[in-house]
Student: 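Please see the structure below; I have some questions.
Letters A, B, ... mirror the listed sequences (proteins, then strands); counts begin at 1.
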Amino acid sequence: MPELPEVEVVRRGLQRWVVGRTVGRVAVLHPRAVRRHLAGAADLTARLAGRTVLGACRRGKYLWLPLDSADALVAHLGMSGQLLVRPPEAPDETHLRVRVAFTDGGAELRFVDQRTFGGLALSELPPDGTGPPAVIAHIARDPLDPGFDEAGYVRATRARRTGVKRALLDQTLVSGIGNIYADEGLWRARLHFARPTETLTRGEITRLLTGVREVMHAALDQGGTSFDSLYVDVDGRSGYFDRSLAVYAQAGRPCPRCGTPVRRDPFMNRSSYTCPRCQPRPRRARW
DNA sequence: ACATCCACCTGCTCGC
DNA sequence: TGCGAGCAGGTGGATG
């Protein structure tokens with residue numbers, strides 16, 4: 001379940017192993033993995049071949065590799081996606097969807113995705129070459145982005161008429177936050193997920209961003225969060241940040257701050273985890 | 001324009 | 001043992 005820190009670990013792997021190399025043969029093994037490339041799999045493989053990778057970028061949970069054309073290869077890992085760097089002779093993974101070989105004959109880039117919620121696409125870069133490609137222009141800057149507009153985020157959040165966790169998960173307001181980091185950030189800020197956004201003070205929103213950033217940095221220090229073998233970095237190693245989670249997936253376990261058993265609530269056909277004492281449910285609640 | 005809902009996927013775990 | 005239900009959940013398009 002990759003969120004920003006996990007995706008950043010993958011970006012660093014791509015930076016190290018893929019940037020500067022020229023693409024050779026590309027094979028799309030599952031059409032769903034390139035469904036966001038509207039021109040189709042054949043167009044993607046044809047346009048990718050022969051291109052040199054110029055960089056490895058990320059915004060929120062999206063990755064893109066600028067190419068020596070006007071395009072970038074955009075990747076989203078969805079729920080279960082992996083970008084692996086593997087020797088050409090390594091056996092195919094069970095859920096291998098796209099194979100990208102390089103002209104140097106070295107390690108391949110493989111997109112592996114059990115559920116195929118993620119995928120790859122080619123998208124035009126903006127004319128000045130900076131910033132994300134067109135298909136992800138709607139994704140807001142993430143909390144670790146130096147260009148993140150904190151005052152603007154406070155204004156936009158308070159202008160919403162929804163619950164604070166819904167706003168946190170809205171990638172057009174702030175990106176990179178999924179269910180895990182939302183719950184952990186809210187716990188650090190001592191906020192309940194159902195707090196109406198318009199009742200949040202500037203200080204509370206700042207506290208929330210601080211909490212999210214702290215938990216993201218902690219995860220990055222440990223190589224990313226993982227609960228099973230689904231999330232791995234480009235070498236196939238899995239992170240182990242789950243040992244440090246305060247509330248997420250910790251129902252019934254003591255809150256690390258006050259010892260009260262962590263509570264699980266249904267939320268948007270998913271789950272939310274809170275400490276009932278540190279994060280009391282607001283009188284007026286918006287789920 | 002904004003808020004909310006749900007389909008899209010597969011594999012694992014749990015209870016009967 | 002078998003089987004169905006529930007769960008994991010990011011995204012974008014549909015709906016309200």
Student: Could you check how far CG of A:Leu173 sits from P of C:dT11, rounded to whole Å?
Tutor: 14 Å

Student: If you measure only the distance, is there a donor-acceptor pair under 3.5 Å linking the side chains of A:Thr52 and A:Thr22?
Tutor: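 Note: A:Thr52 and A:Thr22 side chains meet the donor-acceptor criterion.
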
Student: Does A:Tyr181 have a side-chain nitrogen or oxygen under 4.0 Å from the phosphate oxygens OP1 or OP2 of C:dG10?
Tutor: no

Student: Give a yes/no answer on whether the side chain of A:Gln171 brings an N or O atom under 4.0 Å of OP1 or OP2 in C:dG10.
Tutor: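 Looking at the OP1 and OP2 atoms of C:dG10, neither is under 4.0 Å from any side-chain N or O of A:Gln171.
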
Student: Quick check: closest heavy atoms across A:Ile177 and A:Lys61, and the distance to 0.1 Å?
Tutor: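 Minimum heavy-atom contact is O-NZ, 3.2 Å.
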
Student: Under 3.5 Å, is there a donor on one side chain and an acceptor on the other for A:Ser271 and A:Arg264?
Tutor: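 A:Arg264 and A:Ser271 do have a side-chain donor-acceptor pair below 3.5 Å.
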
Student: What is the distance, rounded to the nearest whole Å, between atom CZ of A:Arg161 and atom C1' of B:dT4?
Tutor: 16 Å

Student: Starting at CD of A:Gln114 and ending at P of B:dC8, how long is that distance when rounded to a whole Å?
Tutor: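 These atoms are roughly 17 Å apart.
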
Student: Under 4.0 Å between any heavy atoms, over every strand shown, what does A:Tyr62 touch: base, sugar-phosphate, or nothing? Just pick one.
Tutor: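 Sugar-phosphate, backbone atoms only, no base.
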
Student: Between P on B:dT4 and CZ on A:Arg270, what's the gap in Å once rounded to a whole number?
Tutor: 15 Å

Student: Can you tell me if A:Thr199 and A:Arg195 form a side-chain donor-acceptor pair at under 3.5 Å?
Tutor: yes

Student: Indicate the ring-plane relationship of A:Phe267 and A:Phe193, choosing parallel, tilted or perpendicular according to the 30° and 60° boundaries.
Tutor: perpendicular

Student: Any salt bridge linking A:Arg284 with A:Glu198? Criterion: basic side-chain nitrogen under 4.0 Å from a carboxylate oxygen.
Tutor: yes

Student: In whole angstroms, how far is the P atom of B:dC5 from the CZ atom of A:Arg286?
Tutor: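 Checked: the CZ to P distance equals 13 Å.
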
Student: Examine C:dA8: is either OP1 or OP2 under 4.0 Å from a nitrogen or oxygen in the side chain of A:Ser271? Give yes or no.
Tutor: yes

Student: Under 4.0 Å: is that the gap between some side-chain N or O of A:His138 and OP1 or OP2 of C:dG12?
Tutor: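 The answer is yes; a side-chain N or O of A:His138 sits under 4.0 Å from OP1 or OP2.
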
Student: Please give, in whole Å, the distance from B:dC5 P to A:Leu169 CG?
Tutor: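 That distance rounds to 14 Å.
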
Student: If you check every side-chain atom of A:His95, which of C:dG10, C:dA8, B:dG11 has the closest atom?
Tutor: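 Of C:dG10, C:dA8, B:dG11, B:dG11 is nearest to the side chain of A:His95.
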
Student: Check the phosphate of C:dG12 against A:Arg36, side-chain N and O only, distance under 4.0 Å to OP1 or OP2. Yes or no?
Tutor: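 Result: yes.
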
Student: Mapping A:Arg97 and A:Met268 onto DNA chain B by nearest heavy atom, which one lands closer to the 5' end?
Tutor: A:Met268

Student: Less than 4.0 angstrom between a side-chain N/O of A:Arg166 and OP1 or OP2 of C:dG10, yes or no?
Tutor: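 The answer is no; no side-chain N or O of A:Arg166 sits under 4.0 Å from OP1 or OP2.
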
Student: Could you tell me whether the side chain of A:Arg35 has a donor or acceptor atom within less than 3.5 Å of a complementary atom in the base of C:dG12?
Tutor: no

Student: Could you state the CG-P distance from A:Asn269 to C:dC7, rounded to the nearest angstrom?
Tutor: 9 Å

Student: Look at A:His76 and C:dT11 and indicate whether a side-chain polar atom (N or O) is within less than 4.0 Å of OP1 or OP2.
Tutor: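 Answer yes for this pair, as a side-chain N or O of A:His76 is under 4.0 Å from OP1 or OP2.
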
Student: Both A:Arg32 and A:Thr162 contact DNA chain B. Which one's nearest nucleotide lies toward the 5' end?
Tutor: A:Thr162

Student: Between the base of B:dA3 and the side chain of A:Arg160, is there a donor-acceptor distance below 3.5 Å?
Tutor: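 Result: no qualifying N/O pair found.
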
Student: In whole angstrom, what separates A:Asp113's CG from C:dT11's C1'?
Tutor: 13 Å

